[in-house]
Amino acid sequence: DQSLEHGLEVLKRKVDLGANKVVTQFCFESTAVLKWRDRVAASLPDLEIHLGVLPIRNIDQALRFAQRCQASMPADLVSAYQMVRNSRTSDQTQAQASFSSAYLAAYLRQMHSEGLENFHFYCLNHPQPTADIIAALSLSLCFGDRSGFINQPSIHQPSNTGQHHV
């Protein structure tokens, strides 16, 4: 793919200039992420990859973000989210939040099992969905320079950027 090759060339130039890690845009397509990771690892084996994660508070908003970023959303995620949203539960907000946390926790477990250990959450000034995902993973939350799965007993304060690393 021409855009993948171009992106890889740009990434190589950045590494040549001193970059040692990359934060991806958010993506929910595990096959695409793993294919990209394999291509990057083949060319830049020492580059640390931080997978961008967008906690879903509102599926319609997430779909708009994906469209703007030219990212895709898996059809199974969209249809499952729609089913939850259309269910007859007394607390729709909680049902959607629980679904989102469980779905993304499963996705991150899969990515971690495939060797991706660093995640960058795009919280967009709403840290609770990220905290819910971390709780679903039974991990603690750490903000700042640390990355990977953190098994420490404390929750650290967020930076003022609205972006949190786990």
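Scope of the values below: all heavy atoms of this structure, side chains included, with no hydrogens, waters or symmetry mates. Index from 1, following the sequence. Because the structure is predicted, anything quoted here is derived from the model rather than measured.
Side-chain contact between H50 and T24 is absent, with no heavy atoms from C-beta onward closer than 4.5 Å. L34 has its side chain within reach of M111: a pair of non-hydrogen atoms, C-beta onward, lies under 4.5 Å apart. Taking the side chain as every heavy atom from C-beta outward, I59 and M73 approach each other to under 4.5 Å. Contact check for I133 versus F121: side-chain heavy atoms found under the 4.5 Å cut-off. The side-chain heavy atoms of V15 and D46, taken from C-beta on, include no pair separated by under 4.5 Å. When side chains are defined from C-beta on, F65 counts as touching L124, because their heavy atoms get closer than 4.5 Å. Proximity of H120 to L51: side-chain heavy atoms (C-beta onward) are nowhere separated by under 4.5 Å. By the 4.5 Å heavy-atom criterion applied to side chains, L8 and S43 are counted as neighbours.
For R13, the side chain to side chain contact (heavy atoms under 4.5 Å, CB included) partners two or more places apart in sequence, or in a different chain, are E9, V10. Under the side chain to side chain contact (heavy atoms under 4.5 Å, CB included) criterion, V22 pairs with L11, W36, L47, I49, sequence neighbours left out. Qualifying ring pair (Phe, Tyr, Trp, His ring centres under 6.0 Å) partners for F26, counting only residues two or more places apart in sequence or in other chains: F28.
One distance of note links CG of L54 with CD of Q25; it measures 10.5 Å at 0.5 Å rounding. Between K12 atom NZ and L44 atom CG the span is 6.5 Å, to the nearest 0.5 Å.
Within the structure, no pair that satisfies the salt bridge (Lys or Arg N to Asp or Glu O under 4.0 Å) test touches residues 95-104, not counting sequence neighbours. Pairs engaging residues 49-62 under the salt bridge (Lys or Arg N to Asp or Glu O under 4.0 Å) rule: D60-R85 [sequence neighbours left out]. For residues 62-75, the set of pairs meeting the side chain to side chain donor-acceptor pair (under 3.5 Å) definition, not counting sequence neighbours, comprises E29-S72. For residues 96-106, the side chain to side chain donor-acceptor pair (under 3.5 Å) pairs, not counting sequence neighbours, are Y81-Q96, Q92-Q96, Q94-S98.
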Would you check, one step at a time, whether the test side-chain contact (heavy atoms from CB on, under 4.5 Å) holds for Y107 with L77? CA-CA 11 Å; Y107 172 71; L77 168 59; over 6 Å; no

Test side-chain contact (heavy atoms from CB on, under 4.5 Å) on L108 and F119 and set out the steps. CA-CA 8 Å; L108 294 178; F119 304 102; 3.4 Å; yes

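Looking at every heavy atom in both residues, Q110 comes nearest to S30 through NE2-OG, 3.4 Å. Of all non-hydrogen atoms in L104 and P55, the two that sit nearest each other are CD1-CA, 3.7 Å.
A donor-acceptor contact closer than 3.5 angstrom is absent between the side chains of H126 and Q128.
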